[in-house]
S.K.: 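The structure's right below; bear with me while I get my questions together.
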Amino acid sequence: MSPDRMAALLNEWLWQDRYWLPPGIHWQDTEMEDEEGRFPLPRDLLITLPLAFAFIALRYVFERIIGIPLSRYLGVKDRIRIEAPSIPKLETFYEHTSRQPSQSQVVSLGKQCGLSQRKIQTWFRHRRNQDRPSNTKKFCEAAWRFVFYMVSFAAGLGSLINTPWFWDQRECWRGYPKQPVADVHYWYYMLELGFYLSLLLSISVDVKRKDFKEQVVHHIATIFLICFSYCANYVRVGTLVMLLHDSSDFLLESGKMLHYAVWTRTCDFLFVAFAVVFLVTRLVVFPCRIVHTTMVSSLEFFQPFFGYYFFNALLLVLQALHIFWAYLILRMIYKFAFKGKVEGDERSDEESEVDEHDEQEPEGEDGKVNREQRKETVNSKLTSLANNCGLNNLTNQRNLNSKLRKAR
């Protein structure tokens with residue numbers, strides 16, 4: 001069978017009416033005249049790939065022209081990290097085996113390189129710190145997302161506030177599937193999809209956080225959701241889903257920016273605002289209005305079909321992620337309420353906790369020697385301090401005696 005024939009069969013199988021349209025509706029029934037408006041077609045999505053690369057290029061320019069100068073203006077400071085010396089054997093092990101060697105591996109590497117276990121562990125700690133993203137990098141990433149989410153939310157709200165389905169979600173299904181798509185909602189879809197594609201393409205070089213796997217699942221589910229909802233003309237409810245997500249995302253990113261700039265009070269205020277908006281929109285509005293209208297209200301207008309089940313399954317995946325992130329947010333609220341401040345992002349970069357332990361002196365076969373060295377160091381400092389204090393007291397007493405003689 002020729003490749004063209006295989007492609008034709010695949011295309012015919014993929015775009016069967018029963019997958020994308022309610023029972024009794026065919027693709028021919030969705031055709032519209034030019035004056036009736038635009039009906040969404042799968043080929044429209046091809047523009048999102050160049051848009052994704054355009055977003056990546058624009059982000060590169062934004063971070064260097066706006067992000068870095070803004071971080072300096074707001075007082076973002078990077079930690080000074082010690083550069084690990086060049087040791088080829090350790091570098092090879094770090095790149096290809098493990099970034100955190102076990103005790104037996106440390107002993108083996110020490111014998112190969114002729115170094116003590118303490119020096120091996122110190123080298124790996126410094127090497128890991130070199131790969132950790134700086135506060136400036138994290139600030140620029142948050143600033144880029146903040147700008148997009150804020151502009152997207154404002155534009156989306158402006159385009160939807162006067163639509164009937166914004167206030168009554170049953171209007172999402174009236175006349176379905178032959179519903180024209182306005183140009184502003186077409187571009188709203190294309191830009192959102194292009195942005196999420198750019199996030200997925202650049203996720204390997206972005207700051208890795210504890211919920212890295214959940215973020216990948218979220219991006220993939222969102223891309224599938226946007227693509228499928230556009231092809232099946234779920235555009236009305238799709239715009240509501242995107243607007244709902246953007247409503248809290250820009251608050252989160254602005255809070256991150258101020259966290260890296262150590263604007264503690266303002267950051268805490270934004271975190272509280274974000275937590276309230278997130279919990280209300282993701283745990284109340286999303287399931288009670290969006291999921292309810294797609295699962296229940298829609299059945300008043302058509303019989304269930306494959307697209308109905310697939311679309312609702314993707315919405316439930318998003319809802320599961322909402323619950324996971326709500327758990328992290330409630331943990332931060334607990335810390336804020338009982339400890340008086342937010343002790344960092346629960347989704348902070350994954351190396352943070354590891355390196356906090358790495359900063360401690362390593363124990364093991366050299367543990368006793370390390371403790372003795374620390375004791376000697378402390379004793380010498382105390383002795384030096386005592387001598388300095390005694391010298392200062394003696395000097396002050398002599399000065400006082402000479403002044404008394406002169407007065408007499």
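None of these values were measured; they are calculated from a predicted model.
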S.K.: What do the steps show when you test F250 against F148 for ring pair (Phe, Tyr, Trp, His ring centres under 6.0 Å), and what is the final call?
M.R.: CA-CA 8 Å; F250 76 92; F148 177 83; over 10 Å; no

S.K.: Under the salt bridge (Lys or Arg N to Asp or Glu O under 4.0 Å) rule, what pairs show up with a residue in residues 292-312, not counting sequence neighbours?
M.R.: R170-E300

S.K.: Sequence neighbours left out, what passes ring-ring contact (aromatic ring centres under 6.0 Å, His included) with F166? Give chain and number order.
M.R.: none

S.K.: Going by salt bridge (Lys or Arg N to Asp or Glu O under 4.0 Å), name the residues that satisfy it together with R64, two or more places apart in sequence or in a different chain.
M.R.: none

S.K.: Do I203 and H219 have side-chain heavy atoms sitting under 4.5 Å apart?
M.R.: yes

S.K.: Going by the rule side chain to side chain contact (heavy atoms under 4.5 Å, CB included), which residues pair with T222 if we only count those two or more places apart in sequence or in a different chain?
M.R.: Y196, H218, I226, L318

S.K.: Does any pair with a residue in residues 46-62 pass salt bridge (Lys or Arg N to Asp or Glu O under 4.0 Å), and if so which ones, sequence neighbours excluded?
M.R.: R59-E63, R59-E141, R59-D206

S.K.: So does F306 have more than 12 non-hydrogen atoms from other groups sitting under 6.0 Å from CZ?
M.R.: yes

S.K.: Using modelled atom types and a 3.5 Å cut-off, is there a donor and acceptor pairing between side-chain atoms of D78 and backbone atoms of N135?
M.R.: yes

S.K.: Give every residue pair that meets the side chain to side chain donor-acceptor pair (under 3.5 Å) criterion with at least one member in residues 148-160, sequence neighbours excluded.
M.R.: S152-E192, S152-D246

S.K.: Less than 3.5 Å apart, which donor and acceptor atoms pair up between the side chains of residues 271-291 and the rest of the protein, not counting sequence neighbours?
M.R.:
residue: T281; atom: OG1; partner: V277; partner atom: O; Å: 2.6
residue: T281; atom: OG1; partner: F278; partner atom: O; Å: 3.3
residue: R282; atom: NH2; partner: H245; partner atom: O; Å: 3.1
residue: R282; atom: NH2; partner: S248; partner atom: OG; Å: 3.1
residue: R282; atom: NH2; partner: D249; partner atom: OD1; Å: 3.2
residue: R289; atom: NE; partner: Q169; partner atom: OE1; Å: 3.1
residue: R289; atom: NH2; partner: Q169; partner atom: OE1; Å: 2.5

S.K.: Is there side-chain contact between R265 and D268, with at least one heavy-atom pair below 4.5 Å?
M.R.: no

S.K.: Residues two or more places apart in sequence or in another chain: which of them pass ring-ring contact (aromatic ring centres under 6.0 Å, His included) with F305?
M.R.: F302

S.K.: Does any pair with a residue in residues 82-94 pass salt bridge (Lys or Arg N to Asp or Glu O under 4.0 Å), and if so which ones, sequence neighbours excluded?
M.R.: E91-R127

S.K.: So, using side chain to side chain contact (heavy atoms under 4.5 Å, CB included) as the criterion, who are the partners of A182 when residues are at least two apart?
M.R.: V184, H185

S.K.: Mark yes when over 12 heavy atoms from residues, nucleotides or ligands other than Q303 sit less than 6.0 Å from its CD; otherwise mark no.
M.R.: no

S.K.: Please list every donor-acceptor pair under 3.5 Å in which a side-chain atom of residues 41-55 meets a protein atom from a residue at least two apart or in another chain.
M.R.:
residue: D44; atom: OD2; partner: L41; partner atom: N; Å: 3.1
residue: D44; atom: OD2; partner: Y230; partner atom: OH; Å: 2.7
residue: T48; atom: OG1; partner: L45; partner atom: O; Å: 2.6

S.K.: Quick one: pull up OG in S108 and CD1 in I120 and give me the separation to the nearest 0.5 Å.
M.R.: 9.5 Å

S.K.: Indicate yes or no: at least one non-hydrogen side-chain atom of L70 is less than 4.5 angstrom from one of L74.
M.R.: yes

S.K.: Is any side-chain heavy atom of Q121 closer than 4.5 Å to a side-chain heavy atom of Q103?
M.R.: yes

S.K.: Is it the case that the side chains of T293 and W165 hold a donor-acceptor pair, with the cut-off being a distance below 3.5 Å and no angle test?
M.R.: no

S.K.: F124 and F93: which non-hydrogen atoms are nearest, and at how many Å?
M.R.: CZ-CD2, 3.5 Å

S.K.: In terms of the angle between their ring planes, are W123 and Y94 parallel, tilted or perpendicular, with boundaries placed at 30° and 60°?
M.R.: perpendicular

S.K.: Heavy-atom count check: over 12 atoms from other residues, nucleotides or ligands less than 6.0 Å from F224 CZ?
M.R.: no

S.K.: Relative to the ring of F310, is the ring of F228 parallel (under 30°), tilted (30 to 60°) or perpendicular (over 60°)?
M.R.: perpendicular

S.K.: Any pair with a residue in residues 220-229 that passes salt bridge (Lys or Arg N to Asp or Glu O under 4.0 Å), sequence neighbours left out, goes on the list, sorted by first then second residue, please.
M.R.: none

S.K.: Restricting to non-hydrogen atoms, name the atom on S229 and the atom on F311 that form the minimum distance, rounded to 0.1 Å.
M.R.: CB-CE1, 3.5 Å

S.K.: Using the six-membered ring of F301, assess whether NZ or CZ of R174 lies under 6.0 Å from its centre and within 45 degrees of the ring axis.
M.R.: no

S.K.: Would you check if there is a donor-acceptor pair between the side chains of S134 and T136 at a distance under 3.5 Å?
M.R.: no

